Amino acid sequence: MAEPLAARLAWNTRAFLMLAGMWVRVSWTYRASFLLMTLASVVITGIDFVAIMVMFTNVDSLGGFGLRDIAFLYGATAVCLGLADLVVGNVERLGRRIRLGSFDAMMVRPVGVLVQVCADEFAIRRLGRVAQGSLVLAWAITRVDVDWDPARVLVTVGMLVCGTLIFTGIFVLGASFQFLTTEGSEVANAFTYGGNAMTQYPLTIYPREVVRALTFLVPVAFVNWYPTLFVLDIPDPFGLPAALQLASPVAAVVVCALAALAWRTGVRRYRSTGS
Amino acid sequence: MSLIEVEDLSRTFVVRRRAGRVRRTTDVVHAVRDLSFDVERGEMVGYIGPNGAGKSTTIKMLTGILVPTGGRLSVAGIDPSRQRVDLTRRIGVVFGQRTTLWWDLPLRDSFDLLRRIYRVDPQRHRRNLDEFTELLDLGALLDTPVRQLSLGQRMRGDIAAALLHDPEILYLDEPTIGLDVVSKGRLREFLRRVNEERQVTLLLTTHDLQDIEQLCRRVMVIDHGSLVYDGSLAGLHARGESTRTLVVDLVDEAAPIEVPGARVTRVEGPRQWLSFPAGASAAPIVASVASGYDVADLSIQEPDIEDVIREIYSRR
């Protein structure tokens with residue numbers, strides 16, 4: 001009875017685009033507001049990087065990294081978080097959907113319920129962060145001192161894919177707890193937006209314990225830090241194995257598997273609301 | 001095989017309560033307990049019971065929203081909680097108190113989105129939409145965003161939405177709640193038609209017993225998570241020992257009327273209320289009242305199903 005996995009995946013992707021597209025059309029009816037919000041999003045996220053640039057008018061390096069290197073780190077994590085936030089960021093509203101009962105309605109439609117939660121109230125203005133991060137990353141790529149051989153190109157592309165998946169997993173994992181609490185939890189945000197804020201800088205500015213935590217506990221270091229060490233050809237400042245620099249796909253798979261498990265468990269244990 | 005098969009179905013909820021500052025107690029609440037029933041294709045079943053009796057919990061298990069904690073159920077040959085997404089195409093669900101439509105979209109766009117989500121053939125969709133638009137009088141509403149619709153209009157929209165993909169079963173949770181008498185009547189007429197012409201099996205929960213009287217040949221009554229009655233409406237009356245009431249307007253005030261087979265339950269000036277078993281004939285009672293007293297007017301009140309159900313509950 002169950003469709004093959006590939007067919008289901010293709011269908012859910014199509015359904016996501018349908019639902020998200022509908023929300024884009026709705027927001028387009030309030031054009032001025034939509035454009036202003038998008039612009040504001042670009043500007044607000046942009047201020048972040050401006051702050052770093054201002055800092056570099058006074059110092060030459062931060063944690064042993066120059067401005068271009070930091071731009072590479074910054075751009076990578078911004079693009080990854082931006083893409084994850086664009087696609088699954090709305091999952092953090094799960095608790096509200098449950099309380100309002102709209103989650104029940106989603107459960108009786110023939111589309112994966114995670115897809116519906118993420119696509120609901122889809123906000124394309126979140127592309128602002130992706131756009132801004134892409135600009136910084138593009139600038140960094142043209143400036144960093146790297147011989148772009150195929151391996152480095154591959155790792156850079158892989159970095160963006162795996163980094164997006166890692167943030168996606170953390171978003172979903174965090175939201176799954178709302179099946180138990182139905183309260184919007186800030187815990188997940190601490191790891192996603194917080195993880196993004198921390199990985200904007202070279203991890204050399206943090207104590208060793210923090211870096212270990214960001215590697216093995218909440219593996220956001222795999223979003224940009226380890227692949228960047230590889231691409232920029234920098235030996236691990238903390239003396240951790242070089243293999244970690246290519247281990248982002250492993251981290252992404254582990255995080256996403258945990259997220260899928262947590263989500264499934266949440267749906268199976270869902271209690272709905274009264275009435 | 002029946003369309004819906006439910007066997008010893010149970011659902012418990014673990015409720016943690018704070019007892020004191022730190023201590024917590026854990027209670028197990030049995031929302032539904034060992035429920036068993038079958039529904040055949042084409043039936044219209046009324047599912048009634050007081051608040052918190054387990055009606056919604058049952059519906060939510062039948063639709064796959066909630067996973068049962070015990071027992072077995074099958075809807076159209078599907079295990080709802082394991083194959084929820086497969087089941088969604090074969091059922092329609094209307095939650096009376098909240099809409100399943102998109103708040104910001106005009107009705108027409110909501111319907112079109114549903115068509116694509118359910119992958120309904122465009123021609124069939126067109127046909128269904130035309131029919132529902134006419135029967136539910138939706139024509140003038142199609143371009144209105146859902147948030148601007150009145151409760152009754154929205155309910156009609158929701159019911160059309162639940163039927164657009166030709167489901168075999170339609171669950172309605174309080175479909176007439178908050179509607180005025182005229183809207184209720186039209187809605188019932190529509191549901192009857194859907195059941196007759198499209199052979200859609202209907203299971204509806206309601207507080208409005210008129211819904212049941214006018215729509216359902218079969219009633220299931222649930223209380224404290226268990227079925228206390230499953231059968232015809234007439235059987236429910238018999239079971240509840242329901243009574244009919246003869247209202248007598250005498251010419252003058254008088255002492256309580258005494259006739260065989262009936263007793264006075266209330267006296268208000270010249271008006272008196274006599275109750276007698278619903279199964280008995282009213283003729284001999286009317287005859288003896290008319291022959292023994294100066295009667296200005298007579299009328300008979302049919303038994304109130306609400307009283308019948310209250311009677312059943314109170315006896316448990």
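We use all heavy atoms of the structure for the numbers below, so side chains are in, but hydrogens, waters and symmetry mates are not. What you are looking at is a predicted structure, and each value in this text was computed from that prediction instead of being measured. Here is how names work: the chains are called A, B, and so on, in the same order as the sequence lines, proteins then strands, and each is numbered from 1.
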Q: In plain terms, say whether Asp112(B) and Arg108(B) are close enough for a salt bridge, that is, a side-chain N and a carboxylate O under 4.0 Å apart.
A: no
Q. At a heavy-atom separation under 4.5 Å, does Leu113(B) approach chain A through its side chain, its backbone, both, or neither?
A. side chain
Q: Check the pair Asp158(B), Thr100(B) against side-chain hydrogen bond (donor to acceptor under 3.5 Å, both in side chains), reporting the backbone distance first and the verdict last.
A: CA-CA 7 Å; Asp158(B) 258 309; Thr100(B) 57; 2.9 Å; yes
Q: Heavy-atom distances under 4.5 Å only: say whether Ile59(B) touches chain A with side chain, backbone, both or neither.
A: neither
Q. Where on Val26(A) is there a heavy atom nearer than 4.5 Å to chain B: the side chain, the backbone, both, or neither?
A. side chain
Q.
Counting only non-hydrogen atoms closer than 4.5 Å, does Leu105(B) touch chain A with its backbone (N, CA, C, O), its side chain (CB onward), both, or neither?
A. side chain
Q. Does any heavy atom of chain A fall under 4.5 Å from the side chain of Phe95(B), the backbone, both, or neither of them?
A. side chain
Q | Between Arg116(B), Arg11(B), Glu174(B), the one whose heavy-atom pairs under 4.5 Å with chain A are most numerous | A | Arg116(B)
Q.
I'd like to know if Lys55(B) and Asp173(B) make a salt bridge, using a cut-off of under 4.0 Å between side-chain N and carboxylate O.
A. no
Q. For Tyr270(A) and Asp104(A), does a side-chain donor sit closer than 3.5 Å to a side-chain acceptor?
A. yes
Q. Which one of Arg25(A), Met18(A), Arg14(A) has the most heavy-atom pairs closer than 4.5 Å to chain B?
A. Met18(A)
Q) What part of Val93(B) lies closer than 4.5 angstrom to a heavy atom of chain A: side chain, backbone, both or neither? A) side chain
Q: Check whether any side-chain N or O of Glu168(B) sits under 3.5 Å from a backbone N or O of Arg90(B) as a donor-acceptor pair, and report yes or no.
A: no
Q: State whether Glu121(A) and Arg97(A) are salt-bridged, where the test is any N-O pair (Lys NZ or Arg NE/NH1/NH2 against Asp/Glu carboxylate O) under 4.0 Å.
A: yes
